Amino acid sequence: MALMTGAQYIESLRKLNTRVYMFGEKIDNWVDHPIIRPSINCVAMTYALAQDPQYQDLMTATSNLTGEKINRFCHIHQSTEDLINKVKMQRLLGQKTASCFQRCVGMDAFNAVYSTTYEIDEKYGTGYHERFKKFLIYVQNNDLTVDGAMTDPKGDRSKAPHQQADPDLFVRIKEVRPDGIVVRGAKVHQTGSINSHWHIVMPTIAMGPDDKDYAVCFACPSDAEGLYMIYGRQSCDTRKLEEEVGMDVGNPKFGGQEALVVFDDVFIPNEYVFMQGEYDFAGMLVERFAGFHRQSYGGCKVGVGDVVIGAAALAAEYNGVAKASMVKDKLIEMNHLNETLYSCGIACSCQGKETKCGSYIIDMLLANVCKQNVTRFPYEIVRLAEDIAGGLMVTMPSNRDFHSDTVVGRNGETIGEICNKFFVGGQGCTTEERMKVFRFLENICLGSAAVGYRTESMHGAGSPQAQRIMIQRQSDMEGKKSMAKKIIGIAEKTEK
């Protein structure tokens with residue numbers, strides 16, 4: 001079975017013995033939990049669209065390992081066209097879910113590990129690349145969702161992994177056995193980890209010889225013995241637990257998900273170990289994964305941005321101000337910012353190059369420029385959306401008030417009737433439709449979806465400073481100085 005349906009994906013999660021904790025308690029049926037299920041629906045969309053003839057060319061690819069048709073999220077990029085289609089696919093899914101659909105981290109991990117293991121083997125004669133290819137064939141044949149786990153807790157960030165007071169603050173090799181390794185530590189705010197069948201764990205920073213035990217990359221199933229996850233809360237998350245919540249959720253079907261993933265002495269067989277102490281390649285793996293993931297944000301955040309812009313335009317229409325020139329100008333600016341992000345995602349893909357193993361990697365400089373813009377533009381898009389919507393976005397009564405039959409008025413009016421009367425908007429919409437738009441924008445701008453759009457735009461795939469460091473490294477300042485000298489007429493000085 002190379003391609004699962006959305007329903008088959010959801011059923012496959014039920015077969016796992018994944019340990020999930022939330023609000024201090026173990027969640028036995030986490031697949032149907034009202035806080036978690038919207039995020040599962042997002043992942044299911046990546047399967048559903050791959051089954052849709054309208055989107056199959058974008059959502060599927062031909063495996064370079066088996067020649068079979070596979071979901072693009074399990075694919076190793078073979079050309080710049082693959083890189084471009086990845087961004088287009090991500091924009092489409094953002095448009096369909098208005099949330100984080102969570103499979104990008106695994107896809108980006110696949111491509112980073114694939115090329116890095118080849119170069120580790122080239123230097124050291126190890127067999128990591130073949131191991132990884134066998135694992136990836138298994139993933140492709142079963143259409144699995146795999147979490148790419150990079151970010152460690154880090155503790156005191158002024159200190160290297162081996163210098164931490166608690167050695168577990170970075171994932172490490174605790175014990176080496178003839179048949180595998182035992183790992184200990186944790187990965188934080190892992191997107192879609194609970195909804196994944198497997199995890200690929202990678203180092204989080206470049207490392208030196210003293211950090212050898214922390215230079216580890218491996219795969220393990222989500223229900224491996226000793227692995228458990230603590231669900232990360234989001235603003236307004238408990239609204240999903242309320243009775244008659246209705247429009248108060250904002251985005252009723254879809255949502256994001258993050259968790260703390262703990263490795264409590266987890267045994268990893270050798271066949272799933274792809275780096276074991278090769279500290280000099282930790283930086284390469286981090287940079288390649290980060291580059292791919294920064295490219296991703298030029299697609300997924302743009303797709304969500306499309307929906308935000310659409311909702312803002314509806315808010316203007318329902319408020320009766322759609323024809324105001326200042327509102328039109330705000331919507332123009334929102335589109336301009338959103339398309340600029342998309343342009344960066346496409347540009348770094350078009351400029352991609354072949355790696356030593358034959359796979360394709362994006363232009364690193366442009367990928368980091370893409371993500372640097374993502375740390376800024378969605379914040380302005382959200383600000384403009386809030387401006388257009390107005391204060392009612394965060395001050396209106398609850399869904400239960402709008403449907404309450406409690407009598408409060410002098411003439412026998414109910415709370416529901418009063419709310420529907422005084423929150424009416426312009427012609428052509430019902431009060432409920434207007435309120436639904438406001439709740440959606442609240443969810444995107446301030447609520448749980450802000451994790452998958454606004455806040456994630458800042459910190460996902462690395463903080464803004466991480467991109468600026470890479471932009472500095474990739475900018476070739478010496479080459480630019482030489483260009484200037486030639487034009488100006490300054491001779492290059494030779495060192496004596």
Side-chain angles (χ1 to χ4, degrees), residues 6-7 10 20 22-45 96-100 194-195 231-258 304 307-308 310-312 314-315 317-319 385-386 389-426 428-453:
I10 293 172
V20 179
M22 182 192 297
F23 304 145
E25 298 179 350
K26 189 173 187 292
I27 307 298
D28 292 322
N29 182 13
W30 53 272
V31 175
D32 296 312
H33 194 284
I35 289 180
I36 300 175
R37 185 53 178 266
S39 66
I40 294 176
N41 293 340
C42 281
V43 184
M45 184 63 75
K96 295 292 186 181
T97 64
S99 192
C100 175
I194 293 170
N195 300 337
Y231 199 90
R233 37 177 346 175
Q234 300 179 356
S235 177
C236 306
D237 52 8
T238 52
R239 287 188 185 183
K240 299 182 180 74
L241 302 177
E242 298 173 10
E243 294 182 6
E244 302 175 32
V245 64
M247 63 184 173
D248 288 348
V249 172
N251 187 344
K253 295 181 181 179
F254 303 107
Q257 178 204 105
E258 282 74 31
V304 177
V307 185
V308 175
L314 283 174
E317 181 181 324
Y318 293 171
N319 285 342
E386 293 179 26
L392 191 56
M393 185 185 86
V394 292
T395 64
M396 64 179 159
S398 72
N399 182 73
R400 293 178 69 177
D401 289 310
F402 277 91
H403 293 88
S404 172
D405 58 4
T406 301
V407 176
V408 292
R410 291 179 183 273
N411 298 316
E413 300 98 337
T414 65
I415 291 176
E417 289 170 338
I418 293 295
C419 287
N420 279 281
K421 173 182 178 177
F422 287 110
F423 291 114
V424 69
C429 73
T430 65
T431 303
E432 184 177 25
E433 288 170 340
R434 185 181 185 222
M435 298 302 101
K436 281 183 176 180
V437 170
F438 289 154
R439 283 297 188 217
F440 174 78
L441 286 171
E442 178 198 31
N443 179 257
I444 286 284
C445 300
L446 306 170
S448 58
V451 177
Y453 183 62

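Fair warning: this is a prediction, and the values are worked out from it, not measured in the lab.
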Shortest non-hydrogen contact from [X] toward [Y]:
X	Y	result
Gly256	Ser39	O-CB, 3.5 Å
Met247	Glu432	SD-O, 4.2 Å
Gly452	Cys100	CA-CB, 4.4 Å
Gly428	Glu433	O-OE1, 4.4 Å
Ala315	Ala389	CB-CA, 4.2 Å
Asp405	Thr414	O-CG2, 3.5 Å

4.5 Å side-chain heavy-atom contact, [X] and [Y]:
X	Y	answer
Leu441	Glu386	no
His33	Leu241	yes
Val307	Tyr453	no
Phe402	Thr431	yes

Residues in side chain to side chain contact (heavy atoms under 4.5 Å, CB included) with Ala44, at least two apart? Tyr9, Ile10
Which residues pass the side chain to side chain contact (heavy atoms under 4.5 Å, CB included) test with Asn443, sequence neighbours left out? Asn251, Ser448, Ala449
Tell me every residue that passes ring pair (Phe, Tyr, Trp, His ring centres under 6.0 Å) with Tyr231, counting only those two or more places apart in sequence or in another chain. none
With sequence neighbours excluded, residues passing ring pair (Phe, Tyr, Trp, His ring centres under 6.0 Å) with Phe254: none
Please list all pairs passing the salt bridge (charged side-chain N to carboxylate O under 4.0 Å, His left out) test where one or both residues lie in residues 236-256, with sequence neighbours left out. Arg233-Asp237, Arg239-Glu442, Asp248-Arg439
Can you pull the salt bridge (charged side-chain N to carboxylate O under 4.0 Å, His left out) pairs that have at least one residue in residues 22-34, sequence neighbours excluded? Arg14-Asp32, Lys26-Asp28, Asp32-Arg37
Rounded to the nearest 0.5 Å, how far apart are [atom1] of [X] and [atom2] of [Y]?
X	Y	atom1	atom2	result
Met396	Phe438	CE	CZ	7.0 Å
Asn420	Thr430	CG	OG1	8.0 Å
Met435	Ser398	CE	OG	12.5 Å
Glu413	Thr406	CD	OG1	13.5 Å

Excluding sequence neighbours, so at least two apart, what forms side-chain hydrogen bond (donor to acceptor under 3.5 Å, both in side chains) with [X]?
X	result
Thr395	none
Asn319	Arg434
Lys96	Tyr55
Glu317	none

Measure from the side-chain N and O atoms of Gln257 to the backbone N and O of Ile194, and report whether any donor-acceptor pair falls under 3.5 Å. yes
Does the pair Asn41 and Thr97 meet the rule for a side-chain contact (heavy atoms from CB on, under 4.5 Å), with working shown? CA-CA 9 Å; Asn41 293 340; Thr97 64; over 6 Å; no
Can a side-chain donor-acceptor contact be found between Asp401 and Ser404 if the only test is distance below 3.5 angstrom? no
